[in-house]
Number of protein chains: 2
Amino acid sequence: MKTSIHGLHKVFESRIRLGIMSALMVNQKLDFNEFKHLLELTDGNLASHLTALEKHRFIQVKKQFVGKKPNTSYSATDLGRQKFTQHLNTLEALIKKVSQK
Amino acid sequence: MKTSIHGLHKVFESRIRLGIMSALMVNQKLDFNEFKHLLELTDGNLASHLTALEKHRFIQVKKQFVGKKPNTSYSATDLGRQKFTQHLNTLEALIKKVSQK
DNA sequence: AATTTAACTTTGTATTTCAAAGTACTTTTA
DNA sequence: TAAAAGTACTTTGAAATACAAAGTTAAATT
């Protein structure tokens with residue numbers, strides 16, 4: 001087991017950040033409001049989870065105006081994809097181990 | 001995504017409790033010291049994670065003497081197996097979703 | 001001018017996590 | 001037989017995390 005949970009990254013353990021990263025793996029970009037509706041969080045809480053991922057450089061932010069509205073969109077960085085993939089691989093291996101028997 | 005992370009259980013989010021449950025899915029019982037070596041935790045920390053799982057009735061405890069030494073062993077309950085399986089199924093679905101494309 | 005929208009930041013509380021130290025009881029060792 | 005060690009905790013306290021609610025900034029709409 002020592003080896004099995006070694007590839008897990010603390011920042012991905014939260015269901016919310018897990019959700020954010022998953023969403024960004026299948027969508028090249030998503031904006032603040034999309035996340036808000038997807039995850040049903042308060043603005044502040046969502047912002048802090050996004051900031052946590054940004055601090056690790058697992059996601060990157062782009063601020064612009066879309067039409068006349070401000071828009072903040074997020075995408076996974078290469079590093080983020082790499083680390084998150086490793087996290088999922090570890091989980092997958094763990095699931096496989098548990099399922100086999 | 002709303003649906004995807006719905007089957008996750010908070011208590012299984014921690015890598016340590018994930019490790020404990022995984023170990024108990026493939027071993028019908030493990031004792032305190034085995035966990036200690038498997039997970040490399042201080043006694044107190046291990047005890048509190050085990051207690052957390054016990055409070056949810058996801059694991060059960062058996063205290064006995066083995067030879068002359070006290071021995072505390074743990075096993076997953078049916079409820080624990082059921083809930084943990086659901087957690088892993090949810091993760092598996094999420095991984096599949098992310099991997100597809 | 002007042003309201004709304006977007007995206008935060010700040011504040012404050014509650015919860016979680018963990019190491020370290022302390023405890024109780026038994027056994028082994030010097 | 002007194003001291004040390006092992007098992008399995010509990011308690012304490014500090015640090016990190018999580019979250020809601022309220023406040024903020026700046027532009028856009030009514």
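All values below come from the heavy atoms of this structure, side chains included, with hydrogens, waters and symmetry mates left out. In the text below, chain A, chain B and the rest are named by the order of the sequence lines, each starting its count at 1.
- Between B:Asn71 and D:dT7, a side-chain N or O to OP1/OP2 separation shorter than 4.0 Å is absent.
- Nearest to the side-chain atoms of A:Tyr74 among the listed nucleotides C:dC8, D:dG6, C:dA7 stands C:dC8.
- The CG atom of A:Asp31 sits 4.5 Å away from atom CG of A:Asn71, with the distance rounded to the nearest 0.5 Å.
- Residue B:His37 contributes atom NE2, which lies 8 Å from atom P of D:dT7 at whole-angstrom precision.
- In this structure, B:Phe65 atom CZ and C:dT28 atom P are separated by 11 Å, rounded to whole Å.
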Extract from the structure each pairing of a protein N or O with an N or O of nucleotides 1-4 of chain D at less than 3.5 Å, listing the distance.
none

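- B:Asn33 and B:His37 share no donor-acceptor pair across their side chains, judged by distance under 3.5 Å alone.
- In this structure, of D:dC19, C:dA6, C:dT17, it is C:dA6 that holds the atom nearest to the side chain of A:Pro70.
- Remark: aromatic rings of B:Phe58 and B:His9 are close, center separation under 6.0 Å.
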Encoded 5' to 3' (Watson-Crick or G-U under 3.5 Å; [ ] crossing; | other strand), DNA chain D becomes ||||||||||||||||||||||||||||||
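- The CZ atom of A:Arg17 lies 12.0 Å from the CG atom of A:Leu39; values are rounded to the nearest 0.5 Å.
- Heavy-atom distances to DNA chain D give each of B:Asp31 and A:Lys10 a nearest nucleotide, and the one nearer the 5′ end belongs to B:Asp31.
- Considering only side-chain atoms of B:Lys63, the nucleotide from D:dA8, C:dT28, C:dA7 that sits closest is D:dA8.
- Comparing C:dA7, D:dA8, C:dC18 by their nearest atom to the side chain of B:Thr72 picks out D:dA8.
- When distances are taken from the side chain of B:Thr42 to each of C:dA19, D:dT29, C:dA7, the shortest belongs to C:dA19.
- As judged by a 4.0 angstrom heavy-atom cut-off over every strand, B:Phe35 is placed among residues making no nucleic acid contact.
- Within residues 43-51 of chain B, the residues approached by DNA chain D to less than 4.0 Å at the level of any non-hydrogen atom are B:Asp43, B:Gly44, B:Ala47, in residue-number order.
- Heavy atoms of B:Arg15 sit nowhere under 4.0 angstrom from any nucleic acid atom.
- When each of A:Thr51, A:Leu79, A:Leu50 is paired with A:Ile59, the side chain to side chain contact (heavy atoms under 4.5 Å, CB included) condition holds for A:Leu50 and for no other.
- Atom CG of B:Asn45 is separated from atom CD1 of B:Ile16 by 5.0 Å, given to the nearest 0.5 angstrom.
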